[in-house]
Number of protein chains: 2
Amino acid sequence: MRIGELAKRADVSRDTIRFYERHGLIRSDVDPKADNSYRIYAEDAVLTLEVIRDAQAAGLSIAEITVFMGQFMAQDGETHDAQQFLEDRITEVTTRITASTRFLDMLRQTKAALARAPQDGLREMSKAKPDTGKKGQGSDT
Amino acid sequence: MRIGELAKRADVSRDTIRFYERHGLIRSDVDPKADNSYRIYAEDAVLTLEVIRDAQAAGLSIAEITVFMGQFMAQDGETHDAQQFLEDRITEVTTRITASTRFLDMLRQTKAALARAPQDGLREMSKAKPDTGKKGQGSDT
DNA sequence: ACTAACCATGGACCATTGTCAATGGTTTTG
DNA sequence: CAAAACCATTGACAATGGTCCATGGTTAGT
């Protein structure tokens with residue numbers, strides 16, 4: 001298919017597709033039996049764009065997604081780097097999901113508190129604590 | 001506490017704290033009985049910075065986090081806008097978590113496939129398909 | 001007292017992730 | 001056929017989220 005159709009089907013702009021392509025996230029060929037310069041995209045490009053969307057939601061940068069796509073398509077070795085990369089991403093994404101969920105709870109609690117005491121403000125909310133469990137050594141250097 | 005201590009305790013740079021402050025995400029006062037211009041941060045600023053981190057992980061922009069913080073601290077009305085805002089954020093964050101989780105699965109599957117067929121590449125992976133379901137279109141002219 | 005370490009302010013600078021506009025060619029369709 | 005709609009390429013522009021630097025004042029340790 002051509003870029004316009006892909007754009008419609010994946011719900012992204014043509015410019016975005018071109019941007020991704022420049023960054024190696026997606027590929028296209030030129031129809032050899034046409035003498036124009038129109039690029040042709042495979043069917044699975046739609047899927048690829050959806051994966052890119054998810055990957056971005058998960059916090060990966062374009063550069064990282066490019067690597068992932070490369071890994072995904074890879075045929076040759078470099079298995080070690082690949083494994084390591086994937087492991088790192090898994091850790092990061094997991095962490096992000098945890099933080100997001102924590103924040104989601106906070107949103108819900110805030111909303112509930114607000115519903116409970118509309119004009120009163122929500123000073124009592126102060127009790128809602130995040131529960132990080134990581135940093136914060138109690139004193140200065 | 002002063003900015004340096006806060007920076008250490010919350011594990012962000014001083015510049016980032018100042019950046020947040022300029023954008024209304026955090027506040028500080030000047031010690032009235034000191035004649036310097038050093039800013040003093042309350043204890044809970046550490047917590048605030050942690051919440052900001054989570055909110056960012058959840059995909060909120062600085063502007064949105066600022067609104068949330070305002071809501072959180074709010075004393076006056078505007079309950080309707082607040083409720084609506086919170087609801088919208090809840091929907092968005094939930095969606096993001098779903099997408100992230102979907103992508104996380106993909107990472108895991110890719111890793112597994114790679115472990116299974118190191119030199120073979122993972123052509124069979126093609127079967128792993130997401131599961132979106134949207135509509136509409138992006139225009140570009 | 002002197003120096004290292006800290007602080008404030010302002011503005012320049014940077015990477016990332018696109019978007020837009022100009023220019024010129026191609027295809028489709030009424 | 002002629003216009004509308006589509007396509008490619010290039011490069012400028014923009015918003016976001018910081019980071020760095022220069023300058024000058026403050027505090028703390030030795």
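Numbered from 1 within each chain, the chains take letters A, B, ... in sequence-line order. In this text the structure is predicted, and so the values were computed from the model without any measurement.
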Give a yes/no answer on whether the side chain of [X] brings an N or O atom under 4.0 Å of OP1 or OP2 in [N].
X       : N      : result
B/Gln56 : D/dG18 : yes
A/Ser13 : C/dG18 : no
A/Thr16 : C/dT17 : no
B/Arg14 : C/dC7  : yes

Shortest side-chain distance from [X], nucleotide among [options]:
X       : options                : value
A/Ile3  : D/dC7, D/dG17, C/dT19  : D/dC7
A/Ser37 : C/dT17, C/dA8, D/dA8   : D/dA8
B/Arg2  : C/dT17, C/dT28, D/dT27 : D/dT27
B/Phe19 : C/dT19, D/dG18, C/dT9  : D/dG18
A/Tyr38 : C/dC6, D/dC6, C/dT17   : D/dC6

Check ion pair A/Arg102-A/Asp105 (N to O, under 4.0 angstrom):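 Between A/Asp105 and A/Arg102 there is no salt bridge, as every charged N stays at least 4.0 Å from the carboxylate O atoms.
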
Measure [atom1]/[X] against [atom2]/[N] and give the value in whole Å, please.
X       : N      : atom1 : atom2 : answer
B/Tyr41 : C/dA8  : OH    : C1'   : 10 Å
A/Leu6  : D/dC6  : CG    : C1'   : 14 Å
A/Glu5  : C/dT27 : CD    : C1'   : 15 Å

Are any of the side-chain heavy atoms of A/Arg9 and A/Glu43 separated by less than 4.5 Å?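 They are in contact (side-chain heavy atoms under 4.5 Å apart), so the answer is yes.
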
I want to check something: taking the side chain as every heavy atom from C-beta on, are B/Ile65 and B/Gln56 in contact at a cut-off of under 4.5 Å?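 Heavy-atom side-chain distance check passes, below 4.5 Å.
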
Could you check whether B/Arg18 gets within reach of a base, just the sugar-phosphate, or nothing at all, counting any heavy atom under 4.0 Å?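 It contacts base atoms.
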
Would you classify B/Asn36 as touching base, sugar-phosphate or nothing, given that sugar-phosphate means primed atoms plus P, OP1 and OP2, and contacts are heavy atoms under 4.0 Å?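 Here B/Asn36 touches the backbone only, sparing every base.
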
Stepwise, does the side chain to side chain contact (heavy atoms under 4.5 Å, CB included) test hold for B/Glu92 with B/Leu60? CA-CA 9 Å; B/Glu92 276 183 16; B/Leu60 273 80; 5.9 Å; no

Using side chain to side chain donor-acceptor pair (under 3.5 Å) as the criterion, point out the one residue from B/Glu21, B/Arg27, B/Arg2 that pairs with B/Tyr41.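 Among B/Glu21, B/Arg27, B/Arg2, the one meeting side chain to side chain donor-acceptor pair (under 3.5 Å) with B/Tyr41 is B/Glu21.
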
Could you say whether B/Asp15 or B/Ala63 is positioned toward the 5' end of DNA chain D, judged by the nucleotide with the nearest heavy atom to each?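 Final value for this comparison: B/Ala63.
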
If each of B/Leu60 and B/Asp35 is mapped to the nucleotide of DNA chain D with the nearest heavy atom, which maps nearer the 5' terminus, i.e. the 5' end?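 So the residue in question is B/Leu60.
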
Of A/Ala34 and A/His23, whose closest DNA chain C nucleotide lies nearer the 5' terminus?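 Closest to the 5' end, via its nearest nucleotide, is A/His23.
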
Is a donor-acceptor pair below 3.5 Å formed from side chain B/Tyr20 to base D/dG17, judging by atom type as modelled?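 Absent.
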
